[in-house]
A.B. asks: 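Let me give you the structure first, and then I'll get to my questions.
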Amino acid sequence: MAREFTRVGVVGLGTMGAGIVEVFARNGVDVVAVEISPDALARGRATLTRSTDRAVARGRLAVADRDALHARVDFQVGLDALHAVDLVVEAVPERLDLKRRIFAELDRICRPDTILATNTSSLGVTDIAVATGRPQQVVGLHFFNPAPVMKLVEVVRTVVTAADVVDDVEALCTRLGKVGVTIDDRAGFIANALLFGYLNQAVSLFEARHVTREDLDAAMTLGCGLPMGPLALLDLIGLDTAYEILNTMYRHGGRNRRHAPAPLIRQMVTAGLLGRKTGRGFYTYDKPGSAQVVPDPATPTAVDDAPGTTAVTRVGVVGSGTTAADLAAVFAAAGHQVVAVGADGPAGTAGAVRTALDEGVTRDDPDPSGRDAALARITWADALEQLADVDLVLEATAGEPDTTRTLFARLDEVCKPGVVLATTTSTLPVIELAMATRRPADVLGLHFCTPVRARTLVEVVTTVRTSPEATATARAVCAALGRTTLVCDDRAGFVVDALLFPYLNDAVQMLAAGYAGVDDIDHAMTLGCGYPTGPFALLDAIGLDVALAVQRALYRESREPGLAPAPLLHHLVTAGHLGRAAGRGFREHTGR
Ligand SMILES: NC(=O)c1ccc[n+]([C@@H]2O[C@H](COP(=O)([O-])OP(=O)(O)OC[C@H]3O[C@@H](n4cnc5c(N)ncnc54)[C@H](O)[C@@H]3O)[C@@H](O)[C@H]2O)c1
């Protein structure tokens with residue numbers, strides 16, 4: 001018969017434990033909430049109160065339900081209070097010695113039938129289980145931060161966990177309104193193995209001063225639609241916890257350099273800059289435990305001392321693919337005169353631009369005259385000479401390197417002096433295109449995140465030769481379109497792709513290793529981390545050939561073994577399984 005969980009214990013009421021207490025108590029389960037000292041207990045109680053008060057203020061919890069929730073929680077110091085519970089969830093710091101000690105104690109204190117669960121993010125559940133005399137009753141129960149919000153729970157079974165224990169814990173997850181994904185015991189499980197490589201890489205970019213903290217976070221929220229930027233998320237997770245998770249994954253997950261903690265994380269932990277919990281991490285907060293960011297010396301000032309910009313009214317767009325059509329539509333809808341040069345002739349490009357306007361750019365405008373006016377601002381051309389009087393050129397041809405270099409040499413010949421020549425490339429070094437012209441100071445990258453209609457971020461990519469004036473002009477043009485810009489160096493992948501594609505590649509590696517399936521991995525990232533799309537759904541949408549090309553460029557530049565394209569990605573591309581557009585990628589797509 002399935003176990004009834006009427007009374008559970010939670011050990012450690014920090015960032016995760018307090019949220020886990022809330023999840024149980026909200027769902028009618030009595031909780032014994034245990035901390036190590038009266039002070040820590042008071043902090044845990046305050047965290048629960050803050051969270052439930054916030055839920056009441058936002059209309060998500062009735063006052064009576066909040067009071068009933070609190071009445072279900074029995075706050076206690078010391079593990080002895082857990083002698084009569086049906087299940088214990090441990091959420092103490094990520095240290096194996098500490099967790100093993102606590103599990104040995106719990107084994108002594110709790111009833112013989114009590115299930116013991118750990119919320120560890122990266123430690124071996126097996127290593128913890130064998131510290132008890134009941135390893136068959138030990139599981140991982142990995143909640144995500146914030147526990148009351150995130151739907152996913154990874155249920156980790158070891159080689160000795162009893163099947164009925166897993167079944168009962170899965171049923172409990174459902175009762176708590178969570179989606180339980182059951183997996184084997186491996187460092188980082190699904191979500192953290194994918195999330196932390198990305199977070200660590202983001203810290204490295206920041207540490208290398210490749211990009212500011214605000215731009216880095218904006219890159220991933222505006223450029224990829226993630227709920228939080230990586231540095232803000234690390235502050236939420238806690239730098240000490242993040243360090244321990246990375247360190248464990250590095251040591252027990254095959255010494256993958258993507259998990260070797262960036263030196264800055266260690267330094268911040270040593271300095272006590274642990275994130276929100278200490279009031280300071282990558283950002284500064286108004287007090288410890290608060291989510292309210294306050295300005296500090298690193299906060300950018302509003303004043304922009306940009307040098308003079310060149311006025312841009314006429315824009316040339318070169319290319320006949322989706323990006324070129326979207327850009328022509330975006331600029332024309334914003335009131336610019338556009339000269340669209342398409343290799344397939346005006347007719348093909350015009351159809352795509354009309355679709356772009358209908359589906360996105362002027363979608364919210366019920367009056368078709370807006371679309372018609374935008375279309376009327378576009379001149380369809382089939383020769384580069386017609387770009388002689390434009391003020392800015394956007395190249396969106398996605399061509400081979402040699403072809404694109406030749407194209408820039410031609411643009412240099414036909415365009416008037418001082419015109420900014422921009423490439424939208426994701427894979428070519430911008431400096432190579434700049435050096436194909438006699439005006440490298442006027443050449444830069446304008447990387448519009450895709451889909452261009454939905455994502456508002458533009459990466460302004462400057463080379464070692466780009467002039468401040470060209471950069472200022474590019475930023476001003478994007479600002480006039482209502483787009484957010486970030487300025488970054490000419491490195492493979494810039495910021496967004498440099499962080500996004502290795503994570504997608506890691507997901508493919510995980511799939512190929514047989515650890516989890518396409519659906520479970522996608523669920524882990526959408527339900528556990530709040531991502532808008534799982535990695536395989538995203539890869540199928542982007543195109544596996546595009547992903548492979550970007551990943552190759554990243555690997556070519558860095559030679560980091562962890563960035564080598566996953567062989568499975570290569571095989572699927574070779575087999576023609578290119579994603580949604582081809583009808584098949586990681587999933588079958590019918591009715592395209
Ligand atoms: N922070 C996250 O985003 C996150 C997400 C998922 C899982 N986890 C995992 O959850 C666990 C806890 O992480 P956290 O970030 O909440 O840590 P935390 O440092 O915020 O909280 C740990 C709490 O445990 C308490 N504690 C320490 N020793 C204790 C003992 N002997 N008895 C009772 N309480 C004790 C501490 O006083 C502290 O309040 C870790 O295993 C971590 O990997 C963390």
Side-chain angles (χ1 to χ4, degrees), residues 9-23 32-48 51 75-82 88-106 109 117-125 127-128 131 140-150 152-156 178 187-193 195-196 199 227-228 230 232-249 252 265 269 272 274-279 281 288-289 291 524 527-530:
V10 175
V11 183
L13 308 179
T15 307
M16 287 309 292
I20 295 170
V21 168
E22 184 177 335
V23 170
V32 182
V34 169
E35 258 292 352
I36 196 168
S37 67
D39 282 356
L41 195 67
R43 273 198 303 275
R45 190 197 290 265
T47 306
L48 180 67
S51 174
F75 288 96
Q76 295 286 344
V77 172
L79 300 176
D80 286 336
L82 299 169
V88 178
V89 180
E90 163 278 314
V92 303
E94 188 78 343
R95 288 197 347 252
L96 184 60
D97 59 330
L98 174 64
K99 293 197 191 261
R100 282 173 59 91
R101 195 153 33 82
I102 285 183
F103 270 70
E105 282 238 7
L106 289 172
I109 293 166
T118 173
N119 186 49
T120 181
S121 306
S122 58
L123 296 169
V125 178
D127 294 320
I128 297 168
L141 206 49
H142 185 226
F143 287 85
F144 286 78
N145 189 1
V149 178
M150 291 301 169
L152 185 78
V153 178
E154 288 173 324
V155 178
V156 185
K178 301 290 184 192
F189 315 127
I190 300 178
N192 280 350
L195 177 69
F196 274 83
L199 293 178
M228 292 179 91
L233 178 56
L234 278 163
D235 275 0
L236 172 69
I237 290 168
L239 276 285
D240 50 344
T241 302
Y243 178 82
E244 294 299 339
I245 292 171
L246 281 166
N247 211 22
T248 310
M249 287 200 298
H252 300 291
I265 302 180
V269 171
L274 305 187
R276 285 190 193 180
K277 60 180 147 188
T278 55
L527 302 177
C529 302

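Both ligands and their constituent atoms are indexed starting at 1 by order of listing. Start at 1 with the first residue, then count along the sequence.
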A.B. asks: In the protein, what heavy atom is nearest to atom 3 (O) of ligand 1, and what distance, to one decimal place, separates them?
C.D. replies: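 Result for atom 3 (O) of ligand 1: Asn145 ND2, 2.9 Å.
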A.B. asks: Could you see which bit of Phe144 sits under 4.0 Å from ligand 1, with heavy atoms only: side chain, backbone, both or neither?
C.D. replies: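 Near ligand 1, Phe144 shows nothing, with every heavy atom at 4.0 Å or more.
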A.B. asks: If we only consider heavy atoms of Ala91, is any one of them less than 4.0 Å away from an atom in ligand 1?
C.D. replies: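 Ala91 counts as a contact of ligand 1 under the 4.0 Å cut-off.
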A.B. asks: Measure the distance from atom 15 (O) of ligand 1 to every protein heavy atom, then report the residue, atom name and distance (to 0.1 Å) of the closest one.
C.D. replies: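 For this ligand atom, the closest protein heavy atom is Thr241 OG1, 3.2 Å.
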A.B. asks: At under 4.0 Å between heavy atoms, which part of His142 makes contact with ligand 1: side chain, backbone, both or neither?
C.D. replies: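 For His142, only side-chain atoms sit under 4.0 Å from ligand 1.
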A.B. asks: If the cut-off is 4.0 Å to any non-hydrogen atom of Thr120, which atoms of ligand 1 fall inside it?
C.D. replies: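 Those of ligand 1 that fall under 4.0 Å from Thr120 are 41 (O).
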A.B. asks: Find all atoms of ligand 1 within a distance of less than 4.0 Å from any non-hydrogen atom belonging to Gly14, and give their numbers and elements.
C.D. replies: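 Counting atoms of ligand 1 from 1, those under 4.0 Å from Gly14 are 16 (O), 20 (O), 21 (O), 23 (C), 39 (O).
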A.B. asks: Considering only heavy atoms of Ile102, which atoms of ligand 1 have at least one such atom less than 4.0 Å away?
C.D. replies: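 Answer, ordered by atom number: 30 (C), 31 (N).
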A.B. asks: Within ligand 1, which atoms have a heavy atom of Val11 less than 4.0 Å away?
C.D. replies: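 Checking each atom against Val11, I get 32 (N), 33 (C).
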A.B. asks: Test your reading of the structure: does Lys277 have an N or O sitting under 3.5 Å from an N or O of ligand 1?
C.D. replies: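 Indeed, backbone or side chain, Lys277 has an N or O that close.
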A.B. asks: Is there at least one pair of N or O atoms, one from Met16 and one from ligand 1, spaced under 3.5 Å apart?
C.D. replies: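 Met16 vs ligand 1: N/O contact under 3.5 Å present.
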A.B. asks: Looking only at protein heavy atoms, which one is nearest to atom 1 (N) of ligand 1, and how far off is it?
C.D. replies: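 Residue, atom and distance for the closest contact: Ile237 O, 2.9 Å.
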A.B. asks: Is there any N or O on Asp240 that sits under 3.5 Å from an N or O of ligand 1?
C.D. replies: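 Between Asp240 and ligand 1 (N or O atoms, distance only) the closest approach is not under 3.5 Å.
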A.B. asks: Nearest to atom 7 (C) of ligand 1, what protein heavy atom do you find, and at what distance?
C.D. replies: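 Protein heavy atom with the smallest distance to atom 7 (C) of ligand 1: Ser121 OG, 3.1 Å.
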A.B. asks: Val34 versus Val77: any side-chain heavy-atom pair under 4.5 Å?
C.D. replies: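 No, side chains not in contact.
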A.B. asks: Does even one non-hydrogen atom of Glu90 get within less than 4.0 Å of ligand 1?
C.D. replies: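 False for this residue.
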